[in-house]
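For ligands, and for the atoms within them, numbers begin at 1 and follow the listed sequence. What's counted below: heavy atoms across the whole structure, side chains too, no hydrogens, waters or symmetry copies.
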Amino acid sequence: MTGNRNRPRIVICPDPLAASREVAQIIAAAIEAKPDIVLGLATGGTPVAAYRELVRMHREQGLDFSELTSFNLDEYIGIGPEHPQSFRYFMQQHLFDHVNVTPSQTHVPDGRGTDVEANARRYEDEIRAAGGIDLQLLGIGTNGHIAFNEPGSPASSRTRAIELTTETIQANSRFFDSIDQVPKHAITMGIGTILESKRILLMATGEGKADTIERAIHGDADPSHPASLLQRHDEVTYVLDEAAAKRIAV
Ligand code: PGA
C-alpha cells in the first residue's frame with residue numbers, strides 16, 4: 001500500500017455472468033493456492049452469481065472450503081442473523097449452507113446489543129488474530145461506498161457503526177417489503193481495515209455503476225468517493241462487465 005495513485009488491474013467481461021465466473025475463478029484459484037486463506041466477503045446483488053459459481057465448483061470439482069476463514073464486510077444494525085435480509089442470513093443462503101465451510105471460521109460483524117462499538121473492536125481483533133485478510137471481495141454503491149463506508153468516510157476509518165445515507169437506504173429497499181423496513185444504521189469494516197487486505201477484488205456490473213466506476217478509477221482519491229481511496233492500494237483488481245466499464249479508459 002502506498003500514498004500514490006496505483007494502477008488497478010481491470011478485467012472487462014462481456015456480461016454480468018461472465019464477470020461472475022471471472023470473480024469465482026479468482027477466488028477459487030486463491031483458495032487452491034492457500035487452503036487456509038482469510039477471505040473478505042461481500043453481500044448485495046452483485047456477488048450472488050459468483051457465489052453460485054463457487055457452490056458449483058465445490059459440488060462438481062471438489063473446491064474445498066474447510067480450512068478457510070472468512071470475514072464479511074458489514075451487517076445491518078437492528079435486525080438479527082435470523083432476519084432474511086440480514087447479511088449473515090444472505091451468506092448462509094447464497095454460500096455457506098452449500099459448501100463445506102467450518103461454521104466457526106465464518107465471521108459477520110455483529111450489529112446486536114447495546115455496545116456495537118465493542119463488537120466493532122472485537123471484529124478488528126479477530127481479523128488481526130487470523131493474520132489479516134488475504135483477498136477482499138468488494139461491491140460498490142452508486143455513491144461510491146465500499147462496504148457501508150458512506151461518502152466522507154476517512155481513509156483511516158476502522159470497523160464501526162455508521163448511519164446509512166438516504167441513497168443507500170433507497171438502493172437497498174428493493175430487498176425489503178417497504179423502505180420503512182430498511183435499517184438506518186449498520187456496522188461496517190472501515191476503509192483503513194479494507195486497505196490492509198493483501199489483495200482487493202472489486203466487482204461491478206450494469207450501466208448504473210458506470211459513473212461511480214469512472215470516478216473510482218480516474219477521479220481524485222478523496223473520502224467524498226470512498227472507492228477512489230482504493231487508489232492507495234497496489235493490488236486491486238476490478239472485474240467489470242462492459243456496461244459498468246463504459247466510461248473508463250483502458
Ligand atoms: P449491489 O450493492 O451489489 O446490490 O449493487 C453494492 C454495494 O452497495 O456495495
Q. Any N/O of Thr43 closer than 3.5 Å to an N/O of ligand 1?
A.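 No, Thr43 has no N/O under 3.5 Å of an N/O on ligand 1.
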(Q) Would Phe175 count as being in polar contact with ligand 1, using the rule that some N or O on each side must be under 3.5 angstrom apart? (A) no
Nearest 0.5 Å, what's the [atom1]-[atom2] distance between [X] and [Y]?
X	Y	atom1	atom2	result
Ile37	Ile133	CD1	CD1	10.5 Å
Tyr123	Met189	OH	CE	4.5 Å
Gln61	Glu32	CD	CD	8.0 Å

Q.
Below 4.0 Å from ligand 1: does a non-hydrogen atom of Glu167 turn up there or not?
A. no
Q: Any atoms of ligand 1 less than 4.0 Å from a non-hydrogen atom of Gly44? List them with their elements.
A: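 Taking each heavy atom of Gly44 in turn, ligand 1 has 3 (O), 4 (O) under 4.0 Å.
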Q: Would you mind listing which atoms of ligand 1 come within a distance below 4.0 Å of any non-hydrogen atom of Gly139?
A: 9 (O)
For [atom], the protein heavy atom that lies nearest, with its residue and separation:
atom	value
atom 5 (O) of ligand 1	Lys209 NZ, 2.7 Å
atom 6 (C) of ligand 1	Ile140 O, 3.5 Å
atom 3 (O) of ligand 1	Thr46 OG1, 2.4 Å
atom 7 (C) of ligand 1	His145 NE2, 3.4 Å

Q) In terms of ring plane angle, is the pair Tyr76 and Phe87 parallel, tilted or perpendicular, where the classes change at 30° and 60°? A) tilted
Q: Classify the angle between the aromatic ring planes of His83 and Phe176 as parallel (below 30°), tilted (30 to 60°) or perpendicular (above 60°).
A: tilted
Q) Are side-chain N/O atoms of Glu124 and Thr159 paired as donor and acceptor at under 3.5 Å? A) yes
Q) Under the side-chain contact (heavy atoms from CB on, under 4.5 Å) criterion, do Leu41 and Phe96 qualify, and how do the steps go? A) CA-CA 11 Å; Leu41 297 175; Phe96 298 156; 3.9 Å; yes
